[in-house]
Each structure stands twice: as structure tokens, then as C-alpha cells.
J.: 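Sharing a structure here in C-alpha cells format.
Since the model is a prediction, treat every value here as computed from it, not as a measurement. By convention here, the first residue in the shown sequence is residue 1.
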Amino acid sequence: MNFYSPKYVWFDKNLPFTPKYNELIYVETEYNQYLNEFFYRLRLPRFCDEWTISYLPKISESITEEHLKYMFPYLPGIGLADCRLPLICENILSWLLPESAGIIRQGLIEYDSTDDKGYRFKYFEIQPSDYKRLSRDLYNYTLDGNYESSIPGIGAFRADDGYADRFFDETKRLSEEIQVRVQRLRILGVSETAIRSLLDEPVVISRMIITKDFRILLPDYDMEIKMTPLVKAVYFLFLMHPEGIQFFQLRSYRDELLEIYKSLTGRTDYEAIVKSIEDVTDPTKNSINEKCARIREAFYKEFRSDIAEFYCINGRCYKPKTIELERSKVEFEDKTFLQDLQKCRTEVEHGTFVPEAHTDIFKKNV
């Protein structure tokens, strides 16, 4: 198998999933018992765990009720019988463009890029050979591959800037506990897609209710999202600003965030409360990135990433960070609290960040 001379195949742009990097999917139009047995038994070494080898029939066997709840929080009564398993290659290959339909026999496909035609995948044809050789080829390719998993809306960053906008780096990191849970419950790429296409159910983005005691409820998922008070205060601040907040202008929001945090925390040490707010709004410190990472964990822990992203704080470097969730879906039960927040709402004109300016961290747009 030659991983360095791939062919290319295109899938329709209406493909009902977003392909993921670092995933090799076994597909075939002609059944080969040898290769099916090989991929059924395959285990990649632990240090290749950034990669996934997807073999649909095996995935079918491993899906549990817990997986389904994680993937489809908007279908609380879903069961294994609803998925009409097993999953087969035809679930994926039916989306091939006509010009690519005759190329695939047996092999692996890997997402490469998106263009005007649709989703482009590399196709590596496999000729049956001994298990050791196939295993070695896969091992070498996944070891040498140098892709980075991406999170939507995160851009490049100069490591020596010294400012808080290390957003792409910090928010990608989930705690080890959350990583283990996500890895266990996330059915990556093709398998999730096949199930979704079989279910033929539209994605529902739940409403959000902030209760009078400041719990965050997603009623359409029958779920509560839990955060510590300071993390929750940061989240409420961004909910109050659908236009977005730029990290290097955080000091301008200090008073507003302080009022939110005072309502949420049970702490009585005012100086400690003020110090926490000063840290999280200091653009030269990492505290705001840490809080955004904790927010991401709170949602990633409960359901799959493409749904979680609607609720997370995202944005490109040096650009306003926003929560995508439509504010018409957000309800504060305590109307007095909401009115008080509206009264102290900070209005800030977005500025332009200049990384080279170490004494004046932003200048107004001219």
C-alpha cells in the first residue's frame, strides 16, 4: 500500500457530516474477506491515538445507549433499535460524485480539503498482503502524519506576544478527565454520520434557561450544564454581549463582570472577589483563556462537539469572541437580575490589536 501516491475522490457537498482530519475510513465496493478481517482486528499503538481507523461493521457492534445519548441529546428516547444497524460502506459511498464512483475498490479514504465540487478525500487503494506489512504501513503513516485537529473559529497566534489571546492553544486543551470521557463517547466522523443519515432526524439546538438560582438548563436536552461561579460569570458576560468581546479590551468590562460575579458567588471577601475579576480581565494574563477552556469542557462533557460549539465562546485571534447560540433561545427567569445587568451593560467600540505595540495594546479604528 502506497500512502504517498493517493488518488482523489469527491463527495457531494451535501454530505450529512463534517469530515474530520486524522481519520482513515475503510471502504470497499468489492468485498474482500482478508481486508475485512484485518480491519476488524486492527489496533493502533497507543502513541498513534491522534488517529482513528474507522471500520463500520465493528463500530456498529461497539455503540451503546450512552454513545447515542452523547451524539443525539435532542432525542432523549433514542435506542439502539432506532439506528437500524449495522452500518455499511454504502452509507458513505452513496454520497460519492459520479466522476469518483468508479475509482474505489478496496482501500482507505482520508479527508483532504473542501472545494467548489464538494469534499475531497485521498483514496489509498489496498492490495491484500500480510498483516505485518499492512500494520507497518499504517503505523508509519499515522506516526509521520503532521495534522492538527482544529476547532472552528480559532486562528494563528504569535507565541511571543505576551497577551491573553492565546485562544487557539488554551481552549483546545481539555482536562484529562474530560478527554477520556469524550474519547470514550465520541463516535468519530464517518460512524456518527452514518447513524445520523439512518436516523434522518434534524439537529435541534436546545433553548437555554438561566434559573433564579443561576443554574444553566438546556430543557430540550433535559440537561443541566454545571460551572463554577467565576466561570459561569464569564459565560453570562458573553451571553450579554452577542456582538462579541475582544480580549485585549477586557478591562473595559471589569465593572459589569464584577456585578455578575457578586450575584453568583457565595464569597464574602470583597477584596478576593475584586482580585478574581482583575485577573480574568487582565489581557496580559492567561485567566480568561482558562475560563473559556472550562466553559468548553462543560459542554463537551455532555454532547458531541458540533452541537457544543453553538454554546462555547469562539473567535479568531485579535477578533471579538462570541457565543453563536441565538439569544432568542436564552431566557433568564429572574427578570430583575436581567434588568440590572442591562443597566450596567458595557458598550465598547471594537478596536484593532497591534501586536508590535508593547506599551499601548490597542488603537481605535480610524
J.: Which heavy atom in Ser276 sits nearest to a heavy atom in Tyr261, and how many Å separate them?
T.: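 Smallest heavy-atom distance, with atoms named: CB-CE2, 4.2 Å.
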J.: Less than 4.0 angstrom from a charged side-chain N to a carboxylate O is my criterion; do Glu297 and Arg294 meet it?
T.: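 Answer for the salt bridge query: yes.
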J.: Quick one: do His241 and Glu256 satisfy side chain to side chain contact (heavy atoms under 4.5 Å, CB included)? Show the steps, please.
T.: CA-CA 11 Å; His241 289 273; Glu256 182 179 357; 2.9 Å; yes
J.: May I ask you to decide if Arg105's main-chain N or O and Tyr123's side chain share a donor-acceptor pair within less than 3.5 Å?
T.: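 Indeed, once roles are kept as given, a pair shorter than 3.5 Å links the two residues.
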J.: Can you tell me if Thr281 uses its side chain to pair, donor with acceptor, with the backbone of Arg251 under 3.5 Å?
T.: no
J.: Are Trp95 and Trp10 grouped together when hydrophobic residues (ILVMFWY) are joined by side-chain heavy atoms under 4.5 angstrom apart?
T.: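 As far as the 4.5 Å side-chain criterion goes, Trp10 and Trp95 are not connected within one cluster.
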J.: Relative to each other, are the rings of Phe299 and Phe303 parallel, tilted or perpendicular (30° and 60° limits)?
T.: tilted
J.: Hey, is Lys329 close enough to Glu324 for a salt bridge, meaning N to O under 4.0 Å?
T.: no
J.: For Tyr70 and Glu65, does a side-chain donor sit closer than 3.5 Å to a side-chain acceptor?
T.: no
J.: Would you find a donor on one side and an acceptor on the other, under 3.5 Å apart, between the side chain of Lys232 and the backbone of Phe214?
T.: yes
J.: Do you reckon Leu217 sits in the same ILVMFWY cluster as Val330, going by side-chain contacts under 4.5 Å, direct or chained?
T.: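 Not linked; separate clusters.
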J.: Do any N or O atoms from the side chain of Gln106 and from the backbone of Glu30 form a donor-acceptor pair under 3.5 angstrom?
T.: yes
J.: In terms of the angle between their ring planes, are Tyr55 and Tyr26 parallel, tilted or perpendicular, with boundaries placed at 30° and 60°?
T.: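 Correct class here is tilted.
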J.: For the pair Asp334 (side chain) and Phe337 (backbone), establish whether a donor and an acceptor sit closer than 3.5 Å, ignoring hydrogens and angles.
T.: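 A pair under 3.5 Å: yes.
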J.: Counting only N and O atoms by type, is there a donor-acceptor contact under 3.5 Å from the side chain of Asp12 to the main-chain atoms of Leu97?
T.: no
J.: Under 4.5 Å between side-chain heavy atoms, counting indirect links through other Ile/Leu/Val/Met/Phe/Trp/Tyr residues: same cluster for Tyr74 and Ile225 or not?
T.: yes
J.: Before giving the answer on side chain to side chain contact (heavy atoms under 4.5 Å, CB included), spell out for Leu258 and Ile273 the whole-Å C-alpha distance, their side-chain angles and the decisive distance to 0.1 Å.
T.: CA-CA 8 Å; Leu258 178 60; Ile273 292 174; 3.7 Å; yes
J.: Using every non-hydrogen atom in the two residues, find where Ile307 and Met71 come nearest and quote the distance to one decimal.
T.: CD1-O, 4.1 Å
J.: Could you tell me whether a side-chain N or O of Tyr221 sits under 3.5 Å from a main-chain N or O of Val204, the two making a donor and an acceptor?
T.: yes
J.: Which value, rounded to the nearest 0.5 Å, describes the distance between Glu302 atom CD and Tyr311 atom OH?
T.: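 Rounded to the nearest 0.5 Å, the CD-OH separation comes to 12.0 Å.
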J.: Any Lys/Arg nitrogen of Arg120 or Asp115 sitting under 4.0 Å from an Asp/Glu carboxylate oxygen of the other?
T.: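 No salt bridge links Arg120 with Asp115.
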J.: What are the two closest heavy atoms between Lys212 and Glu333, and how far apart are they?
T.: N-OE1, 3.4 Å
J.: With distance as the sole test, does Asn36 use its side chain to make a donor-acceptor pair with the main-chain N or O of Asn32 at under 3.5 Å?
T.: yes
J.: Step by step, would you call Tyr111 with Ile25 a side chain to side chain contact (heavy atoms under 4.5 Å, CB included)?
T.: CA-CA 9 Å; Tyr111 174 62; Ile25 306 161; over 6 Å; no
J.: Hey, does the side chain of Lys13 reach the backbone of Thr114 with a donor-acceptor pair shorter than 3.5 angstrom?
T.: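 Flag not set: sc Lys13 to bb Thr114 has no pair under 3.5 Å.
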J.: Decide, yes or no, whether a salt bridge links Lys262 with Glu259 under the criterion of side-chain N to carboxylate O below 4.0 Å.
T.: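 Between Glu259 and Lys262 there is a salt bridge, with a charged N closer than 4.0 Å to a carboxylate O.
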J.: Please report the interatomic distance CD(Glu28) to CG(Leu93), rounded to the nearest 0.5 Å.
T.: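 Nearest 0.5 Å value for the CD-CG distance: 9.0 Å.
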